[in-house]
Amino acid sequence: MSNGDPVSVSALPRFGVAVSALSVLVVCGLVAPAPAPLALAVVGGLALGAGLGRDAEFALTAGVAGLFAAVLVAGSEGRSVEWMLAAAVPVVLAWVTARHALRLGAQVGRAAGTLRVELVHLVSTTVLLAAGGGVGYLAYRSVAGSPSPLALGLLLLAVVAFTVSLR
Amino acid sequence: MTSTRRLSVGVGLLSIAVGGLLLALPALGSGLVPRAVATLLTVGVGTVAVVIAGRRLFESDEPAVRLPSPESRPRYRTPGSSFAGLLDDVSTVGRRAVDETDDWDGDGEFAPRERVSAALHDLAVAVLARTEGRDAGRAADRLANGRWTDDEDAAAFFAEGLRPPLPRRASLPWVRPELPVARRARHVVAELADRAGTDAPDPTEGGGLAATDDAETGAYWPTADLPRERSTGRTRRVTVAVLLTSAVGVVAGLPGTVLTAAFGVSLAGAARVWRPSTDLAVSRSVSTRTPAPGETVEVTVTVRNVGDSTVPDLRLLDGVPAGLGVDSGTARFATALRPGKAASTSYTVEAVPGTHRFEPPVAVVGDVAGARETVQAVESVDGPATLDCGFERRGRESEAPRPQVTLASGSRTAGVSGAGVEFDALREYRPGDPPGRIDWNHRAKTGDLATVEFEEPRRPRVVVVLDARRAAYVAETPRGVPAPRHGAAAAFAVADVLLESGVPTGLATVGATDCWLPPKTGSAHRDAVRDRLAGDRAVPWTAPSDETVVADAAADLAARLSADAQVVLVTPLCDDGGVSLARRLDAAGHSVSVVSPDCTDPSTVGGAYGHLTRRERLATLRRRGVPVRDWDPTTPISEVAHVER
């Protein structure tokens with residue numbers, strides 16, 4: 001939501017931008033050894049930066065998609081499930097804080113103190129991600145070792161059904 | 001919960017239960033049939049997931065709520081900004097010869113250079129005729145032969161035509177040098193300003209004028225469609241990501257990928273489960289409720305969460321009155337509030353004359369996951385509702401605006417026959433005439449009854465007419481005080497002096513709203529005049545969205561004014577409508593005098609053009625016998641009400 005005028009870079013809250021940038025760096029660092037995922041992550045990070053700087057939603061979403069693709073590609077090359085989960089967290093954080101910073105910049109601007117609300121947002125998002133990821137991981141651990149394709153299919157059905165119900 | 005949602009939750013729970021059973025009893029899942037079912041299920045559900053994701057991907061977000069901008073006044077036109085815009089529009093278009101058959105510019109409209117030329121020619125003729133005491137024809141001759149000035153560029157504008165040779169660079173596609181015709185036009189304005197005795201602008205300073213050509217007309221504080229709850233679009237994007245990721249993960253056999261979907265489900269789920277409280281109490285305090293013009297007022301806003309759940313994400317925009325701009329601090333703030341907790345912010349505003357009503361603060365409450373937000377206007381606010389600045393009674397300090405307006409009762413004839421002492425006319429007797437006024441000598445001479453009419457002594461009635469048309473909403477700077485608000489202060493100063501002297505004084509506005517107070521006297525009436533002029537209802541801070549037809553407005557006014565009413569017209573004279581209004585009222589038989597707040601700034605070429613054309617309008621009115629008081633709003637208001645002798 002904006003009030004009609006595009007958000008100028010100077011109005012973006014520093015904390016949110018910093019967290020977003022840091023998350024991009026973390027993702028780059030995690031996928032670094034492999035060249036292809038690193039290239040994807042760098043391009044994604046640049047697109048995310050452009051999206052932030054120019055208030056361009058599409059660039060921001062595309063940038064985060066690039067980061068996520070980098071994690072998926074790196075993960076498919078023999079990484080553990082735990083690594084995958086951990087690497088996805090900064091991707092989600094980068095996206096969530098960037099969008100939050102854009103909306104804060106549009107609605108409030110930098111002149112007002114936004115640190116408190118940004119911290120609350122960051123902490124609550126991290127807690128939510130940890131809780132969701134934790135539950136998912138526990139479920140995974142409990143089924144690990146008994147690879148039943150039907151169980152996996154049912155898991156997919158459950159995910160889709162819950163997502164539809166949450167829309 | 002809708003039936004679809006219930007069904008999908010049921011399916012989800014069932015599939016988890018069956019999956020758990022399969023894990024507990026792996027024997028059930030082995031064999032050919034379960035494998036085939038598993039494959040079908042994976043492919044089918046994966047396809048459905050991709051289809052749903054695709055549909056969600058191309059849905060658009062809910063439209064944004066337009067939030068107000070409390071920092072500054074609405075944006076106004078500056079005098080001469082349209083001329084500056086015209087100069088910027090001068091391009092190579094229209095360089096070709098203009099003739100009747102040539103339709104190079106659509107429907108036979110003139111190109112910017114033609115319009116610039118026409119406007120400047122009229123202005124130059126008027127300025128030369130006035131400053132050199134020549135008639136218009138000879139002034140035009142001097143312009144045509146280029147001998148009117150030593151400035152070569154300025155002289156060439158009229159002497160060498162509108163299609164001077166172009167610099168070569170101008171034909172390159174990516175370079176936009178200033179064209180000779182625009183440069184010459186700037187020099188003409190500077191030279192004319194110099195002639196007219198004002199500070200000439202720098203003619204080399206051109207292009208890229210930020211001045212807008214039109215005033216902002218939308219509501220300053222748009223809260224009509226609030227409260228509104230809207231999705232920020234986060235859930236939609238999370239849904240797409242979850243569906244695509246899990247489909248890709250299952251098809252590619254990557255359990256880690258499927259697991260990342262859990263992040264999305266938890267974000268979307270949290271937004272659905274925890275709804276933030278929207279019960280807020282706002283209070284406001286000001287350092288003074290009745291500041292003097294120019295005084296800085298500190299405003300402190302406190303918001304308290306009076307609900308029973310935490311507000312994780314609150315943004316508040318305080319309703320700074322439309323007429324006040326925030327000087328320091330900010331009227332917006334963001335915070336998170338536990339139940340019962342409060343947070344506050346303060347900012348300062350510089351007071352300008354008027355009764356300034358605070359608008360209801362707008363609060364945006366977001367949920368913990370940033371998925372939905374509620375935009376609401378907080379209607380009840382503790383603390384002062386208005387700031388009252390200026391519009392004080394000056395009373396006897398100053399005098400009436402024009403000699404014709406007499407202050408002594410009875411010394412001016414009203415132009416109406418009736419009862420009185422001075423003989424006016426003799427007319428035929430009508431039944432009901434008082435016997436004392438029958439002319440018995442006439443009866444004795446002619447045998448007919450006749451009634452004597454006397455000149456009726458009556459106090460002159462004055463109506464102060466304030467020009468608040470859309471075109472009158474100009475300001476010296478785009479976010480400055482608009483002319484009608486300066487005009488309201490001037491109108492009050494004039495009305496106050498007249499009322500103090502016992503002259504029945506009325507008030508009318510033209511344009512923004514239809515405000516009409518018939519001429520009366522008395523302190524209650526004076527308060528009514530003050531309320532109308534100081535408040536923002538009769539003379540709002542936002543320019544009206546519709547243009548006013550001057551002829552209709554003048555006709556409406558003339559119908560309301562009594563025959564003997566004098567008119568004090570307050571207008572910035574920044575367009576011809578103000579002149580037209582004065583002349584129409586004059587033509588309707590009213591004695592018109594004009595008070596004109598000067599909102600021009602001659603430091604730029606466009607501003608100087610606006611300044612010069614306004615001066616020509618003043619001169620036009622004076623030539624026609626309408627006294628005009630040119631008032632600089634930076635000087636004290638009491639100056640307005642001094643008699644010009």
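Letters go in sequence order (proteins before strands), and every chain restarts at 1.
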Please flag which part of A/V92 lies under 4.5 Å from any non-hydrogen atom of chain B: side chain, backbone, both or neither. side chain
Interchain contact, B/A247 with chain A, by part (heavy-atom threshold 4.5 Å): backbone
For A/L104, is it the side chain, the backbone, both or neither that has a heavy atom under 4.5 Å from a heavy atom of chain B? both
Contact origin within A/V96 toward chain B - heavy atom pairs under 4.5 Å: both
Over all atoms of both residues, closest heavy-atom pair of B/V320 and B/P70: CB-O, 3.5 Å
If I measure from the heavy atoms of chain A, does B/S231 come under 4.5 Å with its side chain, its backbone, both, or neither? neither
Near B/R338 CZ, under 6.0 Å, is it more than 12 heavy atoms from other residues, nucleotides or ligands? no
Would B/R237 and A/E57 pass as an ion pair if we require N to O under 4.0 Å? yes
Count the heavy-atom pairs under 4.5 Å between each of B/T335, B/L13, B/L7, B/L314 and chain A, then report the option with the highest count. B/T335
Among B/A334, B/A261, B/G46, residue most engaged with chain A (heavy-atom pairs, under 4.5 Å): B/A334
So for B/R236, is it side chain, backbone, both, or neither that comes closer than 4.5 Å to the heavy atoms of chain A? neither
Portion of B/T260 that has a non-hydrogen atom of chain A nearer than 4.5 angstrom: both
